[in-house]
Amino acid sequence: MTIPGPPSLDFIRTIVAQDVKAGKHGGRVMTRFPPEPNGYLHIGHAKSMCLNFGIAQETPGGLCNLRYDDTNPTKENVEYVESIQADVRWLGFDWGQRLFHASDYFEQLYEYAVVLIKKWRAYVDGSTAEEIRQNRGTLVAPGTESPHRNRSMEENLDLFTRMRAGEFPDGAYVLRAKIDMASPNLNMRDPTLYRIRRVPHYRTGDRWCIYPTYDFAHPLSDSLEGVTHSLCTLEFEDHRPLYDWMLDGCEARCHSRQIEFARLNLSYTVMSKRKLLELVEEGHVTGWDDPRLPTLMGLRRRGYTPEAIRNFCDHIGVAKRDGVVEMALLEHFIREDLNRRAPRVMAVLRPLRVVIENYPEGQVEDLEAVNNPEDPGMGTRKVPFSRVVYIEREDFREIPPKKFFRLAPGQEVRLRYAYIIQCVGLVKDEQTGEVVEVRCTYDPETRSGSSQASRKVKGTLHWVSAAKAIEAEVRLYDYLFIKPNPGEDKEGGGYRAFLNPRSLEILPSCQVEPSLAGAAPGSRYQFERQGYFCVDSVDSSGSRLVFNRTVALRDTWAKVEKTQQGG
RNA sequence: UGGGGGAUCGUCCAGUCGGUAGGACAUCAGACUUUGGAUCUGAGAACCCAGGUUCGAGUCCUGGUCCCCCAGCCA
């Protein structure tokens, strides 16, 4: 009913647009993507990147910085730094010359701390961590002030100088903001600004032994860079008063506005760095790039494209209510992208031998197959056909259920791009009773593309020539968890109980068409009637092809059959 | 019993000044099909609850309910 007008802006873009219009910050817009280099990026970070870099791109003159929030040397390292940059680039974002680190600002941050001390807004506290915790009070009871809270300014300055000089062991002192121990917002109860950590930092080495906390470093880093809109997730809402307090207290020249949005949750997976780390370290997955993980490197190895991930992020929207986005939506976007660009190819995952009795022994025909019906520009290729072919085991049933449009005794079916064949017999293993071979005849008049090829049959099967096919390993992935929200009910490690024991199925001897020989690592294909697959970038080699299933094709028949069985 | 946030189809996101609640995914049905794919058509499906104001409330007011976050020298 409503005329489709311009797409409505999300609440953050609305604020940014208003600020630009009002001439705030001179109409300038600057955002930042601030990962901590203590883990690998996942699709939740992709949402943040699409937001931050997206807003910058949409705004004339807008900029987005890449800034490492590297204020905790005990958890961070260069390995993460490099991987993060690779992931950001892969997703398609460019920080230009604006690669920054909170650690770039350590000296300036220190000066700001001195300013706070001189304004009686910060003090050095010799309380132990335990004492500080005790004195913080509770959610309902106010805290009590530290006995060191009213030290003289000179003493504070002296102590802080000596903290920096390395005169004290870890934990001996901290610098605290002097705000309000009775504040209902616990973040305002004299939060810690600096702590002593006598460990080398991956960038500043041993130049520092005191390190600023997030609450101190983040707002000031934003200010130093001139960030106008500091976007973060919901759990920082309580920190906003502190963010503003810091900027006011330090009389920072640029006062960025912090705006919080809901982080991304995806069904059937987990997103927290801690859980991801545990899955890797406990060996539930093979590594950070395991194709079952929602990490960017996992998704990349799985065969996801940056375009699909960006489209996904653009469509999930940005809001403040937290929820769980269905994995089906992510799958929709990768199918949409790959349907358009992935060349089609035939591959038989679970081979069943088919002998075409009336086809000349030793004869091979090169049949023409289109590479992508969605894009004629992608051309055609030749696929060899011969007397013995493999078809998918599940494409044959000795006793076919209703509406089974595939091969069964007496039934006809078309072999894609080839001939119509009819099943005239089958061979069973005498021991197991398993069908090991299907005997067929073909109708020479029905060759694909010939003038008499128009005869209709209910089903079309993919196949591969037994003589010409090459062997490959195929890895089928399913959801990592069997529950839509594995992290939900039980706190702590409960999610592990919901790991899907069948999240990976390895098919070591699949048969794929010969055009796949030498397929480049990372290249993506549609295996007709099955799904999208990519050549594994780690384990595939010239002598052994390994494919990962990115996502299966939609399978209407599977649904029909399921409801038939389910009654 | 404190503070900060949030509640709209199954899911995610819209909804202007108060004026027939919309899109995407998912689901179901049909068309088409040499991929049971893709595509096309159609359908079902929601305003947390209770009052109030109003000709008219998702929107405004009052009172409830439920959910999330916060007691790191993590971010």
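Quick note: numbers below take in every heavy atom, side chains included, and nothing from hydrogens, waters or symmetry partners. On a predicted model such as this, the values are computed, not experimentally measured, just so you know. Quick note on labels: first sequence line is chain A, next is B, and so on, each numbered from 1.
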Inset, instruction - Would you confirm whether the ring centroid of A/Phe160 sits within less than 6.0 angstrom of the ring centroid of A/Tyr194? - result: yes

Inset, instruction - Taking side chain to side chain donor-acceptor pair (under 3.5 Å) as the test, write out the residues that go with A/Arg195, two or more places apart. - result: none

Legend entry - Side chain of A/Lys75 (C-beta onward), nearest among B/A75, B/C74, B/A14: B/C74

Inset, instruction - Between A/Val325 and A/Asp69, just flag the one whose closest nucleotide in RNA chain B comes earlier from the 5' side. - result: A/Val325

Legend entry - Per-nucleotide protein contact string for nucleotides 29-39 of chain B (B base, S sugar-phosphate only, - none; heavy atom under 4.0 Å): -----BBBBS-

Inset, instruction - Please identify each residue that fulfils side chain to side chain donor-acceptor pair (under 3.5 Å) with A/Thr144, with sequence neighbours left out. - result: A/Asn135

Legend entry - Phosphate OP1/OP2 of B/C74 contacted by A/Lys273 side-chain N/O (<4.0 Å): no

Legend entry - side-chain N/O A/Arg274 vs B/C74 OP1/OP2, d < 4.0 Å: no

Legend entry - Those residues that, when tested against A/Tyr268, pass side-chain contact (heavy atoms from CB on, under 4.5 Å) (two or more places apart): A/Tyr479, A/Pro484

Legend entry - Pairs meeting criterion salt bridge (charged side-chain N to carboxylate O under 4.0 Å, His left out) with involvement of residues 342-351 of chain A, two or more places apart: A/Arg350-A/Glu505

Legend entry - Pairs where residues 308-319 of chain A contributes a residue and the test salt bridge (charged side-chain N to carboxylate O under 4.0 Å, His left out) is met, not counting sequence neighbours: none

Inset, instruction - Provide the full list of ring-ring contact (aromatic ring centres under 6.0 Å, His included) pairs with a residue in residues 311-331 of chain A, sequence neighbours left out, each pair given once. - result: A/His315-A/Phe333

Give me, pair by pair, the N or O atoms of the protein and of nucleotides 2-8 of chain B that are less than 3.5 Å apart, along with how far apart they are.
| residue | atom | partner | partner atom | Å |
| --- | --- | --- | --- | --- |
| B/G2 | N9 | A/Leu139 | O | 3.3 |
| B/G2 | N2 | A/Pro184 | O | 3.3 |
| B/G2 | N3 | A/Leu139 | O | 3.1 |
| B/G3 | N2 | A/Asp238 | OD1 | 3.4 |
| B/G3 | N2 | A/Asp238 | OD2 | 2.7 |
| B/G4 | O2' | A/Asp238 | OD1 | 3.4 |
| B/G5 | O2' | A/Glu237 | OE1 | 3.3 |
| B/G5 | O2' | A/Glu237 | OE2 | 3.0 |
| B/U8 | O4 | A/Arg321 | NH2 | 3.1 |

Legend entry - Contact pattern, 5' to 3', of nucleotides 40-47 of chain B - B, S or - by protein heavy atom under 4.0 Å: --------

Inset, instruction - Would you confirm whether the ring centroid of A/Tyr80 sits within less than 6.0 angstrom of the ring centroid of A/Tyr40? - result: yes

Inset, instruction - Would you sketch RNA chain B in dot-bracket for me? Only Watson-Crick or G-U wobble pairs with both distances under 3.5 Å count, crossing pairs as [ ], other-strand pairs as |, the rest as dots. - result: .((((((..((((.....[..)))).(((((.......)))))....(((((..]....))))))))))).....

Legend entry - Side-chain donor-acceptor pair present, A/His462, A/Arg529, cut-off under 3.5 Å: yes

Legend entry - Pairwise P distance for B/U59 and B/A50, with rounding to whole Å: 12 Å

Inset, instruction - Kindly state which residues belonging to residues 38-48 of chain A come within less than 4.0 angstrom of RNA chain B, counting heavy atoms of the residue only, listed by number. - result: none

Legend entry - Counterpart residues, side chain to side chain donor-acceptor pair (under 3.5 Å), relative to A/Glu225 (two or more places apart): A/Asn65, A/Arg67, A/Tyr105

